[in-house]
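One structure below.
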Amino acid sequence: MTENPHQTTLDTALTESGLEAVNWTFPDADTQYLTHGLHNYPARMVPQIPDRLLSYYLDEGVLEEGDVVYDPFSGSGTTAVEARRHDLNAEANDINPLAVLLTRAKSIPLDPEEVEAAQTTLLDGLKSRLADVESQYEAGEPIDVEEPAVRDGWFPEPQLTQLAVIRDRIDDLEREYDQALARFFRVALSHTTRKVSYQRNGEYKRYRLSEEDREDHDPDVYPIFEQKVRENVSMMKDYSRETSRDQQTQVHYADSREAADVEDDSVDIVITSPPYGDHGTTVAYGQFSQDPAIVSWGREYDEMREVDKTGLGGSNRVLEPLEEIEEWSEALSATLETLREKDGRSDDAMEFFRDYYAVMEQVKRVLKPGQPVAWVVANRTMSRVNIPTHLITQQLCEHLGFELTHMLPREIPNKTLPWENAPENQPGVKGDLMANENIVVMTAPEE
DNA sequence: GGGACGCAATTGACGATGAT
DNA sequence: ATCATCGTCAATTGCGTCCC
């Protein structure tokens, strides 16, 4: 295994005192090392969590080189990257096309010299080409580029056309090199797309700048793109040098409630951070990913809209209701009872946990008997009621025969977040926000 | 010209609600 | 049903200006 320069806890502490000895908050830890910093993504799990868990289970002999790590909620691919760093194979699922592509881009190492050469090809003459687009636009001349199918009013011109020019260049690059290399550069374009759009910073739901701010928003496409390309190339070269080519990363554009591509008893460990709530009221992954996916990855608007509807607790009901889960978790039934008393959103909570339970069933199916699963969860609120997701996770898994081995508390990584919000949008009417998480570590039932 | 400093911008796992 | 909007907040980073 390669040396990890990012450790904040000594390995000796790990092996002598076990998982309880680790400070899982990882205050001040660098969360952007290697390819983790390739692209932002909402609600990323800090890489130190899978890093430390994998180190521990490798030291304990629960895992060995070449074993398989599975993440049913891959997101931007944190688990897959850490799996590779530890000489392990990875399987990953996500229903968000952008997540699938980011996971592949971040976890599959590329040849450093080839990346360098492709960067030169890509940037060569790009600056003047974009300048030409601008002058053509200003002169009112037609520009022969296919406009991305984004919604009206979300991008300045000619910047949107310039993004399309870069998109086409990367398509050319794909023909000259290969898909993996093109994918890697599309990540930088995706980043640029977000910066160029009228999307307001600090929002992962679609929220445009005010009309006034939109008039002032005149970003310079080339320097944003070039800088991100250079940063990413540098990160990929480091990642590539530090990781093995012997392992595989299988990323499935699939629903973890079915996990159809992952075989029974094929996985040695599961490390995942599921969504904490439905994609409508908590993190709207689909909304976040919409424009980047349409502009840089050629995805359809309708396909991207489906993401939030298909997420756990979303309006696309793919499973039959399962009332019994309320009996299987005391914490869940107490929560639903409180929500009913408050005349709150008990049905929404029920649908979310019904979907979540289906993923637990699949984790049981694919995980080898006796092997560990780590769920990283925090407790959101609904109708101002705190939802004890960590206890519900534990109890529903116990119903499936899993055994709890560790309940590891941690503070939410960046307390740059507000402690309070005002969801009713009434000045002075505030509510608490989530401040800590738990890592719920369990082992799969023995045969 | 470069370092110190102050202010602005950015960066974050919300969730109810009013308008379509 | 869906979607954009909004009130909430602090640590950190970025940027411009001033002073030496």
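By convention in this document, chain letters (A, B, ...) are assigned in the order of the sequence lines, proteins followed by strands, and residues within each chain are numbered from 1. As the structure is a prediction and not an experimental result, all values here were calculated from the model.
Of the side-chain N and O atoms in Arg384(A), none sit less than 4.0 angstrom from OP1 or OP2 of dC14(B). Here Arg206(A) reaches the OP1 or OP2 of dA4(C): one of its side-chain N or O atoms lies under 4.0 Å away. Phosphate proximity of dG15(B) to Arg380(A): present, with a side-chain N or O under 4.0 Å from OP1 or OP2.
Taking the six-membered ring where the residue is Trp, the centroids of Tyr204(A) and Tyr41(A) are separated by 6.0 Å or more. Here Tyr356(A) and Trp375(A) bring their ring centres to under 6.0 angstrom of each other.
Distance, Arg194(A) CZ to dT11(B) C1': 11 Å, rounded to whole Å. Counting to the nearest Å, the P atom of dG7(C) and the CD atom of Glu424(A) are 13 Å from each other. Note: CD (Gln426(A)) to C1' (dG15(B)) measures 13 Å, nearest angstrom. dC14(B) atom P lies 10 Å from atom CD of Glu203(A), rounded to whole Å. At whole-Å resolution of the value, CD in Glu211(A) and C1' in dT5(C) are 14 Å apart. For the pair Asp308(A) CG and dC3(C) P, the computed distance is 8 Å after rounding to whole Å. What separates NZ of Lys430(A) from C1' of dC14(B) is a distance of 15 Å, to the nearest Å.
Within residues 278-295 of chain A, the residues that place at least one heavy atom under 4.0 Å from DNA chain B are, in residue-number order, Thr281(A), Thr282(A), Val283(A), Tyr285(A).
In this structure, Arg52(A) fails the cation-pi test against Trp24(A), since its NZ or CZ atom is not both closer than 6.0 Å to the six-membered ring centre and inside 45 degrees of the ring normal.
Nearest nucleotide to the Arg151(A) side chain, out of dC3(C), dT8(C), dC14(B): dC3(C). Ranking dC6(C), dT11(B), dT8(C) by closeness to the Asn421(A) side chain, first place goes to dT8(C).
Ring geometry for His36(A) against Tyr33(A) counts as perpendicular: the plane angle is over 60°, on a 0 to 90° scale with 30° as the lower cut.
In this structure, dA13(B) forms no base pair with any nucleotide, since neither Watson-Crick nor G-U wobble geometry is met with both distances under 3.5 Å. dT8(C) is unpaired under the criterion used here, namely a Watson-Crick or G-U wobble arrangement in which both key atom distances are under 3.5 Å.
A donor-acceptor contact closer than 3.5 angstrom links the side chains of Ser190(A) and His39(A).
A heavy-atom distance below 4.5 Å is not found between the side chains of Glu411(A) and Glu437(A). Residues Thr381(A) and Ile387(A) form no side-chain contact, since every pair of their non-hydrogen atoms from C-beta on lies 4.5 Å or further apart.
Taking only distance into account, the side chain of Ser383(A) never meets the base of dA16(B) through a donor-acceptor pair shorter than 3.5 Å.
Of the two residues contacting DNA chain C, namely Asn425(A) and Glu420(A), the nearest-nucleotide position lying further toward the 5' end is that of Asn425(A).
Here Ser273(A) lies in heavy-atom contact (under 4.0 Å) with a base. Across all strands, Pro42(A) comes closer than 4.0 Å to no nucleic acid atom at all (heavy-atom distances).
Judged by centroid separation below 5.5 Å and plane tilt below 30°, Tyr276(A) stacks onto the base of dA13(B).
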